[in-house]
S.K.: 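Below: one structure in structure tokens.
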Amino acid sequence: IITYYYIAKRQKNKPFFERKIKIMLFLPSDTEYIIETLQKNGYEAFAVGGCVRDMLNGDTPHDFDITTSAEPETVMSLFEKTVPTGIKHGTVTVIINGVPNEVTTYRTDGEYRDHRRPDSVIFVKSLREDLARRDFTVNAMAYNQKDGLKDFFGGREDIENRILRAVGEPGRRFYEDALRIMRLFRFSSVLGFDIEENTLKAALEYAPTLKSVSAERIYSELLKTLCGKNPAALKPLTDIGGLGFLGVNTSPDYGILPFLGSADTKLFAFLYSGGAKISPALDFLKVPNKTKRSAQDMLTLLNMPFPKTKPEIKEMLYLTSPSSAENYFDYRSAYGKDCAAARDMLTEIIKNGEPYRISDLKIGGRDLKKCGISGRVIGETLEKLRRSVLKNPELNTRSELIKAVKNGL
């Protein structure tokens, strides 16, 4: 179902309400089906939160959450296949055509003693009460086809002004859930929105409570922030030492982050330029082993002279990997190093399948044994052959390598 909503658009040298633009509010059929089913049975139901924000901002939502006046047991009774994923907090997953859809009952939250999750929730019948507990105005809107947009806290206007503002009293929002601090900077980076003054002040004041957030959630939000449009949105937090528990105690070089390639490279650059010890920081964040290997490879390459020849690039590949070499060139390029020639040589090496590993050699240990070589000398000989082939790939034939061995290399 496609509906259109008109909102004002501020333009340079034009009054705020002079021009209107057409925004498409679209609910997928599964979402619409769930909402209509709840409505037909006498309950309110709306798409809520990030999906509404994204549609009003002209972005494509990744998922559609639903909020309703129906309590969890009622939701489960109205649909054939459901999962009580978070029933204590009012959330039921409704499976439609094999796709999960989260449906959560209107609620208010009890006390937050751990700065993360409420000790209890109270189900309510008021949409406004439910939206009032949410983090930012741009995330506190709801929509359905029948009732249109429900915006009690100025979220639509804040989207137009590209502002992130806490719902209600900012300090309370961040005291309740410290993860909202990281979400604030993530939204600022990803959406390219500024942060309202009192909201920023409160976020920085409650930054010490970030220690109560799980490492996995910190890592997830941090990575999204660094990969956003404006990773420098995080600068106010790092300037006050808000991520000191990661070892980031100096201001990272945010200027290079938008130009770097992979997410792993951006994370490495952030930690490295922020003065963090890479291995302990990554261990704390509980990053995947792939990310740890990427960071270790980057440290290895940064400790090597910048490559000027193919053999030098092949040695880089032998010690790390082609993807790590690409990441390294991204990193050096961001700091102004001309990597064009090195990149071209790397591309040729990979395209032509030029040998650089022992496994690329056309002979192996069995061949060397036939030449009278045994024990640890086999490994030493293969390494010498590898180094010879780095400089002269044409030597990598069985006959030439055996000749080299018989001639004492």
S.K.: Between Glu221 and Arg180 (salt bridge meaning N to carboxylate O under 4.0 Å), is one present in this structure?
M.R.: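 Not counted as a salt bridge, because no side-chain N and carboxylate O are separated by less than 4.0 Å.
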
S.K.: Can you confirm whether the side chains of Asp264 and Asn327 place a donor and an acceptor under 3.5 Å from each other?
M.R.: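 Not at all, the side chains of Asp264 and Asn327 share no donor-acceptor pair under 3.5 Å.
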
S.K.: Is it true that, when you exclude Tyr33 itself, more than 12 heavy atoms of the residues, nucleotides or ligands shown sit nearer than 6.0 Å to its OH?
M.R.: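 For Tyr33, atom OH is not crowded (no more than 12 foreign heavy atoms under 6.0 Å).
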
S.K.: Pairing donors with acceptors under 3.5 angstrom, does anything connect the side chains of Ser251 and Thr238?
M.R.: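 Judged by distance alone, the side chains do not pair up.
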
S.K.: Are Arg172 and Glu176 close enough, and set up right, to give a salt bridge (charged side-chain N to carboxylate O under 4.0 Å, His left out), and what steps lead you there?
M.R.: CA-CA 6 Å; Arg172 179 179 177 182; Glu176 289 172 340; 3.2 Å; yes

S.K.: Whether the side chain of Asn392 engages the backbone of Glu394 through a donor-acceptor N/O pair (distance < 3.5 Å, no angle test) should be reported.
M.R.: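 No; judged by distance alone, with no hydrogens or angles, the pair does not exist.
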
S.K.: Heavy atoms, side chains only, cut-off 4.5 Å: are Lys266 and Cys227 in contact?
M.R.: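 Yes, side chains in contact.
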
S.K.: Fit a plane to each ring of Tyr331 and Tyr272, take the angle between them on a 0 to 90° scale, and name the class: parallel (under 30°), tilted (30 to 60°) or perpendicular (over 60°).
M.R.: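 Rings of Tyr331 and Tyr272: perpendicular, over 60°.
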
S.K.: Can you tell me how far CZ of Arg387 sits from OH of Tyr318, rounded to the nearest 0.5 angstrom?
M.R.: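 That separation rounds to 8.0 Å.
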
S.K.: Can you confirm whether more than 12 heavy atoms, excluding those of Lys310, are under 6.0 Å from its NZ atom?
M.R.: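 Counting neighbours around NZ of Lys310, more than 12 heavy atoms of other residues, nucleotides or ligands fall under 6.0 Å, so yes.
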
S.K.: Can you find a pair of side-chain heavy atoms, one from Arg53 and one from Leu191, that are under 4.5 Å apart?
M.R.: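 In contact.
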
S.K.: Any side-chain donor paired with an acceptor under 3.5 Å for Ser262 and Thr265?
M.R.: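 There is such a pair between these side chains.
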
S.K.: Heavy atoms only: give me the nearest Ile181-Thr209 pair and the separation to one decimal.
M.R.: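 Scanning both residues, the minimum pair turns out to be CD1-OG1, 3.9 Å.
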
S.K.: If I compare all heavy atoms of Lys88 with all of Val121, which pair ends up nearest, and what's the gap?
M.R.: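 Residues Lys88 and Val121, closest heavy atoms: O-CG2, 3.4 Å.
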
S.K.: So, Asp177 side chain and Arg173 main chain: donor-acceptor pair closer than 3.5 Å or not?
M.R.: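 Between the backbone of Arg173 and the side chain of Asp177 there is no qualifying donor-acceptor contact (under 3.5 Å).
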
S.K.: Under the criterion side chain to side chain contact (heavy atoms under 4.5 Å, CB included), I'd like the reasoning laid out for Leu267 against Tyr219: C-alpha separation, chi angles, the key distance, then a yes or no.
M.R.: CA-CA 10 Å; Leu267 178 63; Tyr219 170 59; 3.7 Å; yes

S.K.: Using a 4.5 Å cut-off on heavy atoms from C-beta on, say whether the side chain of Lys362 contacts that of Asn396.
M.R.: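 With C-beta onward as the side chain, the pair touches.
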
S.K.: Consider only side-chain N and O atoms of Asp297 and Ser324, and report whether a donor and an acceptor are under 3.5 Å apart.
M.R.: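 Yes - a donor-acceptor pair under 3.5 Å links their side chains.
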
S.K.: Take Phe46 and Ile35 through the side chain to side chain contact (heavy atoms under 4.5 Å, CB included) test and state the conclusion after the steps.
M.R.: CA-CA 6 Å; Phe46 296 83; Ile35 290 174; 5.6 Å; no

S.K.: Rounded to the nearest 0.5 Å, what separates atom CD1 in Ile159 from atom CG in Asp54?
M.R.: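 Answer rounded to 0.5 Å: 8.5 Å.
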
S.K.: Might you point out which heavy atoms bring Ile163 and Glu196 nearest each other, and give the distance in Å?
M.R.: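 Scanning both residues, the minimum pair turns out to be CG2-CB, 3.9 Å.
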
S.K.: For the CZ atom of Arg332 and the CE atom of Met298, what is their distance to the nearest 0.5 Å?
M.R.: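 Atom-to-atom, Arg332:CZ and Met298:CE are 10.5 Å apart.
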
S.K.: Within this structure, what is the CE-CG distance for the pair Met182 and Leu222, rounded to the nearest 0.5 Å?
M.R.: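 The CE atom of Met182 sits 5.0 Å away from the CG atom of Leu222.
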
S.K.: What closest approach, in Å, do Leu385 and Ala404 show between heavy atoms, and which atom pair accounts for it?
M.R.: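 Shortest heavy-atom contact: CD2-CB, 4.2 Å.
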
S.K.: Where the side chain of Asn144 meets the backbone of Lys146, is there a donor-acceptor pair that is under 3.5 Å apart?
M.R.: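 Present.
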
S.K.: Is Glu197 salt-bridged to Lys201, going by a charged N under 4.0 Å from an acidic O?
M.R.: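 No, Glu197 and Lys201 are not salt-bridged.
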
S.K.: Compare all side-chain heavy atoms of Val94 with those of Leu78 and state whether any distance is below 4.5 angstrom.
M.R.: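 No - every pair of side-chain heavy atoms lies 4.5 Å or more apart.
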
S.K.: Walk me through whether Val377 and Leu368 qualify under side chain to side chain contact (heavy atoms under 4.5 Å, CB included).
M.R.: CA-CA 9 Å; Val377 180; Leu368 295 185; over 6 Å; no

S.K.: Mind listing the closest non-hydrogen atom pair of Lys150 and Leu131 along with its distance?
M.R.: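 Minimum heavy-atom contact is O-CD1, 4.3 Å.
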
S.K.: Testing the basics here: between Glu73 and Ile87, what is the closest heavy-atom pair and its distance to 0.1 Å?
M.R.: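 Taking every non-hydrogen atom into account, OE2-CD1, 4.4 Å.
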
S.K.: Flag yes if more than 12 heavy atoms outside Glu80 fall under 6.0 Å of its CD atom; otherwise flag no.
M.R.: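 Counting other residues, nucleotides and ligands, CD of Glu80 stays at 12 neighbours or fewer.
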
S.K.: With a 4.0 Å cut-off on N to O distance, would you call Arg386 and Asp360 a salt bridge?
M.R.: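 No, no charged N to carboxylate O under 4.0 Å.
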
S.K.: State whether Arg343 and Asp330 are salt-bridged, where the test is any N-O pair (Lys NZ or Arg NE/NH1/NH2 against Asp/Glu carboxylate O) under 4.0 Å.
M.R.: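 The answer is yes: the pair qualifies as a salt bridge.
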
S.K.: So, Phe187 versus Phe193, ring centres under 6.0 angstrom or not?
M.R.: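 They do not qualify: ring centres at least 6.0 Å apart.
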
S.K.: Within 45 degrees of the axis of the six-membered ring of Tyr106 and under 6.0 Å from its centre: does Arg128 put its NZ or CZ there?
M.R.: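 No - Arg128 does not lie over the ring of Tyr106 by the 6.0 Å and 45° rule.
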
S.K.: Quick one: which of Thr397, Leu395, Leu382 gives a side-chain contact (heavy atoms from CB on, under 4.5 Å) with Leu361?
M.R.: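 Of the listed options, the one satisfying the test is Leu382.
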
S.K.: Donor-acceptor pair, distance only, cut-off 3.5 Å: does the side chain of Asp338 make one with the backbone of Ala340?
M.R.: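 Yes, Asp338 side chain to Ala340 backbone: donor-acceptor pair under 3.5 Å.
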
S.K.: First locate atom SG of Cys339, then atom CZ of Phe306, and finally report the distance between them rounded to the nearest 0.5 Å.
M.R.: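 So the SG of Cys339 and the CZ of Phe306 are separated by 4.0 Å.
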
S.K.: Just checking, is any N or O donor in the side chain of Thr93 or Thr85 under 3.5 Å from an acceptor N or O on the other one?
M.R.: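 Judged by distance alone, the side chains do pair up.
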
S.K.: Looking at side-chain heavy atoms only, is the closest gap between Tyr206 and Pro170 below 4.5 Å?
M.R.: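 Heavy-atom side-chain distance check fails, nothing below 4.5 Å.
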
S.K.: For Leu127 and Phe152: C-alpha separation, side-chain torsions, deciding distance, then whether side chain to side chain contact (heavy atoms under 4.5 Å, CB included) applies.
M.R.: CA-CA 10 Å; Leu127 173 64; Phe152 303 108; 4.2 Å; yes

S.K.: Is the backbone N or O of Thr74 less than 3.5 Å from a side-chain atom of Ser77, with the two atoms forming a donor-acceptor pair by type?
M.R.: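 Confirmed, Ser77 side chain pairs with Thr74 backbone.
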
S.K.: Compare all side-chain heavy atoms of Leu56 with those of Tyr143 and state whether any distance is below 4.5 angstrom.
M.R.: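 They are not in side-chain contact.
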
S.K.: Could you go through Thr104 and Thr91, starting from their C-alpha distance and side-chain angles, then the distance that decides it, and tell me whether this counts as side chain to side chain donor-acceptor pair (under 3.5 Å)?
M.R.: CA-CA 4 Å; Thr104 303; Thr91 300; 2.9 Å; yes

S.K.: Are the side chain of Asn97 and the backbone N or O of Val99 linked by a donor-acceptor pair below 3.5 Å?
M.R.: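 No; zero donor-acceptor contacts below 3.5 Å.
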
S.K.: Leu184 versus Phe174: any side-chain heavy-atom pair under 4.5 Å?
M.R.: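 Side-chain contact under 4.5 Å: yes.
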
S.K.: Check whether any side-chain heavy atom of Phe64 sits under 4.5 Å from a side-chain heavy atom of Asn101, and report yes or no.
M.R.: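 SC-SC contact between Phe64 and Asn101 ruled out.
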
S.K.: Does Glu157 reach the main-chain N or O of Gly154 with its side chain, forming a donor-acceptor pair under 3.5 Å?
M.R.: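 Side chain of Glu157 to backbone of Gly154, a donor-acceptor pair under 3.5 Å: no, none is there.
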
S.K.: So does Gln296 get a backbone contact from the side chain of Thr300, meaning a donor-acceptor N/O pair under 3.5 Å?
M.R.: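 It does hold such a pair.
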
S.K.: For the pair Thr199 (side chain) and Ala166 (backbone), establish whether a donor and an acceptor sit closer than 3.5 Å, ignoring hydrogens and angles.
M.R.: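 Side chain of Thr199 to backbone of Ala166: a pair is present.
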
S.K.: Would you compute the distance between atom CD1 of Ile195 and atom CG of Leu164 and round it to the nearest 0.5 angstrom?
M.R.: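 Answer for the CD1-CG pair, Ile195 versus Leu164, is 6.0 Å.
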
S.K.: Test your reading of the model: is there a side-chain donor-acceptor pair from Thr250 to the backbone of Gly274, 3.5 Å cut-off?
M.R.: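 Flag set: sc Thr250 to bb Gly274 pair under 3.5 Å.
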
S.K.: Are side-chain N/O atoms of Tyr328 and Thr320 paired as donor and acceptor at under 3.5 Å?
M.R.: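 Checked: Tyr328/Thr320 side chains show no N/O donor-acceptor pair below 3.5 Å.
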
S.K.: Should we count NZ of Lys125 as having more than 12 external heavy atoms under 6.0 Å?
M.R.: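 Yes, NZ of Lys125 has more than 12 neighbouring heavy atoms, counting only those of other groups under 6.0 Å.
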
